[in-house]
Engineer: 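Mind having a look at this structure? Questions to follow.
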Amino acid sequence: FRLGDRCLSQQKSLLSMYQKGLLADKAWVIYQTTALGIIALNSAHYQRAFDQCKVVANHHPSLLASKCAGIAAEALGQLDLASLYLRAYLSSHPDDIESLSKLAKVLGKKGKDKEAVALLRRLALEKPNQLGMEKSRILFNLGVAEAKLGNLDAAKAAWQKLDKSSKAY
């Protein structure tokens, strides 16, 4: 899971900076709180993850904690909060593939299929080589969203791309 990898890869350098007095206590607390939320998220303890990350996200919406809170809120079925936190994170990180994909999923669940399709198309068209393992999920969800809107030819095209991309793995 990319969130945890990023957080843990920073741990040694941040701990070193903190021990040398180069990192303020407040910044260290923010990091620790976010890290605990991400660990909870990775362990599927969504309520704990949400509770930890929202503490930071409410004061620092551009930080990774907003992404964590959004993903946890979606898992808890709190779609309005998920949308809020993911949009906050995306306002500072507009090209974050995982956040865009999660937001599209949230929008689809909320019945905002046109917005979901716009995000999924953006991902599928603008970033096809950056999607990695997310590519199959994005193409599948794009096909579903297009079909829900009655765009059957577009749904078929997305699923045909899915078939081609799955053969590449």
Side-chain angles (χ1 to χ4, degrees), residues 1-7 34 37-38 40-169:
F1 186 66
R2 285 178 246 157
L3 269 176
D5 292 344
R6 184 182 315 163
C7 194
T34 303
I38 291 169
L41 187 64
N42 287 338
S43 303
H45 297 288
Y46 300 117
Q47 188 63 56
R48 188 178 315 146
F50 179 73
D51 291 342
Q52 285 290 137
C53 289
K54 77 176 180 180
V55 170
V56 174
N58 287 342
H59 299 285
H60 306 282
S62 67
L63 296 181
L64 198 55
S66 289
K67 180 177 177 177
C68 173
I71 292 170
E74 186 272 327
L76 293 168
Q78 299 176 11
L79 302 180
D80 289 336
L81 286 173
S83 177
L84 177 78
Y85 285 112
L86 290 168
R87 287 179 193 276
Y89 185 73
L90 285 165
S91 70
S92 299
H93 307 275
D95 295 326
D96 186 82
I97 292 167
E98 186 179 21
S99 297
L100 289 166
S101 178
K102 287 288 184 185
L103 180 57
K105 181 179 178 181
V106 168
L107 292 170
K109 285 182 175 182
K110 291 178 69 173
K112 297 183 176 186
D113 296 316
K114 287 183 181 179
E115 287 181 69
V117 164
L119 284 176
L120 292 167
R121 281 182 187 161
R122 175 179 166 206
L123 285 167
L125 297 174
E126 293 179 18
K127 303 180 182 308
N129 297 328
Q130 300 171 25
L131 298 178
M133 297 304 288
E134 289 281 312
K135 186 173 187 174
S136 294
R137 181 181 347 214
I138 288 166
L139 289 172
F140 176 79
N141 290 339
L142 176 59
V144 170
E146 292 280 17
K148 283 173 70 177
L149 290 173
N151 303 331
L152 300 182
D153 289 338
K156 184 178 175 182
W159 288 329
Q160 286 173 336
K161 288 179 188 175
L162 171 67
D163 187 45
K164 290 176 187 173
S165 73
S166 64
K167 290 177 185 174
Y169 291 114

Engineer: Do side-chain atoms of S83 reach the backbone of D80 as a donor and acceptor pair under 3.5 angstrom?
Structural biologist: no

Engineer: If the threshold is 4.0 Å, N to carboxylate O, is there a salt bridge linking K109 and E74?
Structural biologist: yes

Engineer: How about D95 and R122: do any of their side-chain heavy atoms sit closer than 4.5 Å?
Structural biologist: yes

Engineer: Would you name the heavy atoms of P94 and L100 that are closest together and state the gap between them?
Structural biologist: O-CD1, 3.5 Å

Engineer: Which pair of non-hydrogen atoms, one from Q52 and one from G37, has the smallest distance, and what is that distance?
Structural biologist: CB-CA, 3.6 Å

Engineer: Nearest heavy-atom pair of A65 and T34: which atoms, and what distance?
Structural biologist: CB-OG1, 3.6 Å

Engineer: Rounded to the nearest 0.5 Å, how far does CG of N151 lie from NZ of K114?
Structural biologist: 9.5 Å

Engineer: Do K161 and E146 sit within salt-bridge range, that is, some charged N less than 4.0 Å from a carboxylate O?
Structural biologist: no

Engineer: Locate the shortest heavy-atom distance separating L81 from Q78; write the atom from each residue and the value.
Structural biologist: CD1-OE1, 3.1 Å

Engineer: Measure the spacing between CG of L120 and CZ of F140 and express it to the nearest 0.5 Å.
Structural biologist: 11.5 Å

Engineer: Below 30° counts as parallel, above 60° as perpendicular, anything between as tilted: where do the rings of F50 and Y85 land?
Structural biologist: perpendicular

Engineer: Once rounded to the nearest 0.5 Å, what's the spacing between atom CG of L64 and atom SG of C53?
Structural biologist: 7.5 Å

Engineer: How far does CG of N141 sit from CD of E134, to the nearest 0.5 angstrom?
Structural biologist: 9.5 Å

Engineer: What closest approach, in Å, do D96 and Y89 show between heavy atoms, and which atom pair accounts for it?
Structural biologist: CG-CE2, 3.9 Å

Engineer: Search all heavy atoms of A147 against all heavy atoms of A155 and return the closest pair with its distance.
Structural biologist: N-CB, 3.8 Å

Engineer: Side-chain contact test, heavy atoms from C-beta onward, threshold under 4.5 Å: evaluate it for L41 versus I71 and give yes or no.
Structural biologist: yes

